[in-house]
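Note sheet for the following structure.
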Amino acid sequence: FLKKYVSLVNLKMLLMGSAVGIFPRLSAAGTLQVPAELKWPNDIVIINSGTKKLGGILVQLVQDKLVIGVGLNVDLGADELPVPQATSLRVEGFEIDRIELIVAILNELKLLIEDGSDWQQEYAIACSTIGREIKVTNFDGSQISGVAIGVDSTGALEIKNLENVKLTLYHHEQFQK
C-alpha cells in the first residue's frame with residue numbers, strides 16, 4: 001500500500017501528509033484546540049505568543065522501512081526548552097494527556113494513509129509560510145528573497161522572487177520568515 005509513496009520524491013509528500021494528519025489534531029479547529037500552524041517544510045508552530053516552534057515531523061526510509069517521526073514539546077517547562085524560539089503545550093497553557101494525543105495522531109494518520117488522498121491542497125491551506133515574505137540562504141551562501149506562493153506536487157515550496165520570477169525550493173539550509 002505505501003509503496004507508491006516510498007521514493008525520494010514522494011517522501012516529501014508523505015511528510016506533508018503526516019503534517020496534515022497531525023495539524024488538525026492540534027489546531028484550533030481540531031479536538032485539542034491548540035492554535036498551531038505548519039511552517040514549511042516540517043515544523044509545527046504555535047501562534048499564541050508570537051511564532052514559536054512546538055515540534056516537527058520527519059519522514060525517512062530506514063532499511064526499507066518507512067519511519068515517520070513526530071517530536072512535540074508537550075510537558076516541558078520554560079526553563080527546559082532547548083532554544084528561545086521553542087515552546088511547549090504546557091508553557092502555552094494547554095494540559096493534554098499524552099496518550100490521548102498519541103491516539104489522536106495515530107488515528108488521523110491511519111485515516112489519511114487508508115484514504116490515499118492528495119495532501120497537497122490541505123497542506124497548502126494549513127501552511128503559514130504560504131503568502132508570507134521569506135528569505136532563504138542557500139548552501140553556497142547566496143540568498144533568495146520573495147513571497148511563498150504555494151507547494152508543488154513534490155512538496156517543494158514555490159516562491160515568487162523580487163524580480164517576479166517563480167522559483168522552486170526543494171530543501172532549505174537557512175530558512176527565515
Side-chain angles (χ1 to χ4, degrees), residues 5 9-60 66-74 76 81-94 96 101-113 115-136 144 146-160 167-177:
Y5 297 109
V9 171
N10 287 328
L11 282 177
K12 191 160 287 202
M13 284 301 288
L14 255 173
L15 174 67
M16 290 168 51
S18 299
V20 168
I22 292 164
F23 174 73
R25 294 296 169 183
L26 296 175
S27 72
T31 58
L32 300 176
Q33 303 297 308
V34 176
E37 295 182 351
L38 300 174
K39 179 182 168 197
W40 185 87
N42 63 337
D43 288 345
I44 299 171
V45 296
I46 196 161
I47 53 176
N48 261 4
S49 53
T51 301
K52 293 198 170 191
K53 186 172 177 175
L54 183 62
I57 305 162
L58 293 174
V59 176
Q60 61 184 15
L66 181 66
V67 178
I68 299 173
V70 179
L72 289 173
N73 297 326
V74 176
L76 295 175
L81 293 166
V83 293
Q85 302 83 7
T87 192
S88 72
L89 292 173
R90 182 169 60 147
V91 167
E92 298 298 326
F94 297 95
I96 294 176
L101 179 63
I102 291 168
V103 168
I105 289 169
L106 290 175
N107 283 336
E108 190 66 21
L109 284 173
K110 181 178 183 275
L111 290 173
L112 276 167
I113 289 170
D115 180 30
S117 64
D118 177 11
W119 306 307
Q120 181 181 355
Q121 184 177 2
E122 287 181 72
Y123 181 89
I125 291 167
C127 183
S128 66
T129 307
I130 296 172
R132 296 200 177 173
E133 290 185 27
I134 62 167
K135 185 195 300 189
V136 179
I144 299 170
V147 175
I149 58 171
V151 178
D152 75 9
S153 63
T154 68
L157 186 65
E158 297 173 328
I159 302 167
K160 194 160 275 191
L167 306 170
T168 304
L169 183 64
Y170 293 95
H171 45 76
H172 66 290
E173 176 68 7
Q174 294 177 351
F175 177 72
Q176 303 162 352
K177 250 197 317 184

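Remember, it's a predicted structure, so these values are computed and weren't measured experimentally.
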Rounded to the nearest 0.5 Å, what separates atom [atom1] in [X] from atom [atom2] in [Y]?
| X | Y | atom1 | atom2 | result |
| --- | --- | --- | --- | --- |
| Thr129 | Leu169 | OG1 | CG | 10.5 Å |
| Leu38 | Ile125 | CG | CD1 | 11.5 Å |
| Asn107 | Ile102 | CG | CD1 | 12.0 Å |
| Lys135 | Glu133 | NZ | CD | 11.0 Å |
| Thr51 | Leu54 | OG1 | CG | 12.0 Å |

Can you name the closest pair of heavy atoms from [X] and [Y] and give their distance?
| X | Y | value |
| --- | --- | --- |
| Trp40 | Gly155 | NE1-O, 2.9 Å |
| Ala86 | Asn73 | CB-ND2, 4.2 Å |
| Ala19 | Tyr123 | CB-CE1, 4.0 Å |
| Pro84 | Lys52 | O-NZ, 3.6 Å |

A side-chain contact here means heavy atoms from C-beta on lying under 4.5 Å apart; do Leu157 and Ile159 qualify?
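In short, these two side chains touch, coming nearer than 4.5 Å.
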I want to check something: taking the side chain as every heavy atom from C-beta on, are Phe94 and Ile46 in contact at a cut-off of under 4.5 Å?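 Yes - at least one pair of side-chain heavy atoms lies under 4.5 Å apart.
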From the options Leu89, Ile44, Ile96, select the one residue that forms a side chain to side chain contact (heavy atoms under 4.5 Å, CB included) with Leu72.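 With Leu72 as partner, Leu89, Ile44, Ile96 yield a single side chain to side chain contact (heavy atoms under 4.5 Å, CB included), made by Ile44.
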Discussion item. Has Thr87 got a side-chain atom pairing as donor or acceptor with Lys53's backbone, closer than 3.5 angstrom?
Written reply: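 No; judged by distance alone, with no hydrogens or angles, the pair does not exist.
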